[in-house]
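Chain naming here is simple, since letters A, B, ... match the order of the sequence lines and numbering starts at 1 in each.
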Amino acid sequence: MTQREKTWLFITLAILAALALYPAFGSYSGVSGLRDILLFALFAVSLDLFWGRTGILSFGHATFFGAGAYGMAVMTIHLAPGAAWSSLAGLAFGVGLAGVIALAVGYFVIFGGVRGAYFTIVTLALTLIAQQIAIGWSSVTGGDAGLIGVPPLTLGLSITGKVFYYLVVAVLFGIVLALWAGLRGQRGLVLRAIEDDERKAQTLGYNTPLHLLAVFVLSGLIAGLAGALYVTGTGFVAPDMIALLLSTEVIMWVAVGGRGSLIGAVAGTMIVWRLQQEVSTLSASAWPLFIGAFFLAMVFFFPDGLPAAAQKLWTRWKGVKEGGAA
Amino acid sequence: MLDVNDLRAGYGSTEVLQGVTLSVRKGEVVSILGRNGVGKTTLMKALIGLIRPWAGQVALNGKAAAGLPPERIARAGLAYVPQGRGIFHKLSVIENLTMGTRARRDGSATVPAEIFEMFPILAERRHQLGGTLSGGQQQQLALGRALASAPDFLLLDEPSEGIQPNIVQMIGDILRKLAAEKGLGVLLVEQNLDLGLSAADRVLFMEKGRIVHESTPRTLEEETLHRYLAI
């Protein structure tokens, strides 16, 4: 294990320990609030898996979160209300729906050779379409108002409160650690090579579209899982869970925490949510303004995220201090 | 045997390769010489599958390869070192070499030790990032990565470009040795006469998207060089 990996593992386990201890001190509403934020963090991890490891930005990831959320809601409210297995069926339906959308869209876009900014634009359009469907198909989705009455997660017994919180922590860190371990070896190397130059990787014998599609679908499945779990906590689903704004926010969460490290996405989500609470108490309209300004700044000043920019500044500052050319 | 028959390819509506026919036997080094813009790089890209041929046949060990995607052609035993070397700048030397093993037909993912024997500098710098190597070191890495796939045939696009003469000499020696000892077939595109002539068994001259003349380095006449290469 390299020094870098040790640091990563240390930070991850430290955050995990802090989160595990939190319910002992936090209030009930604090615990459920943090649980929702951790599910958004899982969503951010799903985006970081794709954007961070392949360098291709998806601007439509709310589609998959929303598919998971609506899949769970529609299954538990319309299709199998009250059944003992309806939560499980909702999980399968929501996650499956997200996976199928990722597979269908990803297949045509990725094998069609769409990359870079074009990929970002196509996925942005995907979110807009998904949002229109969620609003327009009101007999199923409840339209603008959404659907109310999603039952709590039931796996044999009803999972609420602290039990649900710990389940979310376990799922989040289980996935982060599994992805980290799975991407340490050859598979992660191929993705880094693709990020560097996909055509070169292809001439060395790698079926690069297949690698990209596999990561995209896995990313969509994880986003769907986050969405499906999220609505069992809030009890309702609404179009803003599949909206462009959410697609935008998740990019910000990953960018703040640093692209490519997975645990950075978790930290970034928590930091931004804390910030959002502070900014929103000043003025309700200040937050969208803040997001807009952040995006402009990101494009111009820190395209690889805040930690990478901070590291660059640090090395430059150290260079100046030591009197050498940085 | 790498057999190319009446290969045509281009960009948009411009036909760059206007019917290229050539063959490279195992254990043979063939160089293609020609002025800028006659289609040498386009030929390399069409052979490895980076651009789709419009017409014509490519046979690799008797199997049709034209029109296949690059990864299938690479796994069929053709390795490619592009112009500008094409190493991964953000990967380390050993990671670059490991990437090269995917196309091996024995399924091994280990970089063969002989690569480090051929290019000792790569062993010395194994954990250094590819982008931080000098031009000559990058060319050795690109060549080592291509050889890590244990190919039958090797395509080299201007390997001597921007590299100091002693490394060019070394590359030429290694190509000759691999051809003689391992039966590697090499197709080399060059503007640099030194490498193009010293390493090759046969020399092909390319003009306007076609092979227009064939010779051997020993029987080559000054006048021929002048005709096809002078500007």
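- In this structure, chain A has no heavy atom under 4.5 Å from any part of B/S149.
- When atom types are taken as modelled, the side chain of A/D197 and the backbone of B/G86 share no donor-acceptor pair closer than 3.5 angstrom.
- No more than 12 heavy atoms of other residues, nucleotides or ligands sit less than 6.0 Å from atom CZ of B/R52.
- A 6.0 Å sphere centred on CZ of A/R187 holds no more than 12 heavy atoms belonging to other residues, nucleotides or ligands.
- Contact annotation: the side chain of A/Y206 approaches that of B/M99 to within less than 4.5 Å [non-hydrogen atoms, C-beta and beyond].
- In the displayed structure, B/R176 atom CZ is contacted under 6.0 Å by more than 12 heavy atoms of other residues, nucleotides or ligands.
- A/F108 CZ: 12 or fewer foreign heavy atoms inside a 6.0 Å radius.
- Nearest heavy-atom pair across B/K90 and A/R192 is O-NH2, 3.9 Å.
- With A/K200 contributing its side chain and B/I87 its backbone, the two residues share a donor-acceptor pair below 3.5 Å.
- Within 6.0 Å of the CZ atom in A/F10, the count of heavy atoms belonging to other residues, nucleotides or ligands does not exceed 12.
- Of all non-hydrogen atoms in A/G205 and B/A103, the two that sit nearest each other are CA-CB, 4.5 Å.
- Atom CD1 of residue B/I48 and atom CZ of residue A/R199 lie 11.0 Å apart, to the nearest 0.5 angstrom.
- Summarising the geometry, atom CZ belonging to B/R102 is positioned 8.5 Å from atom CD belonging to A/Q186; distances are rounded to the nearest 0.5 Å.
- We find the CG-CZ distance between A/L204 and B/R104 to be 13.5 Å, quoted to the nearest 0.5 Å.
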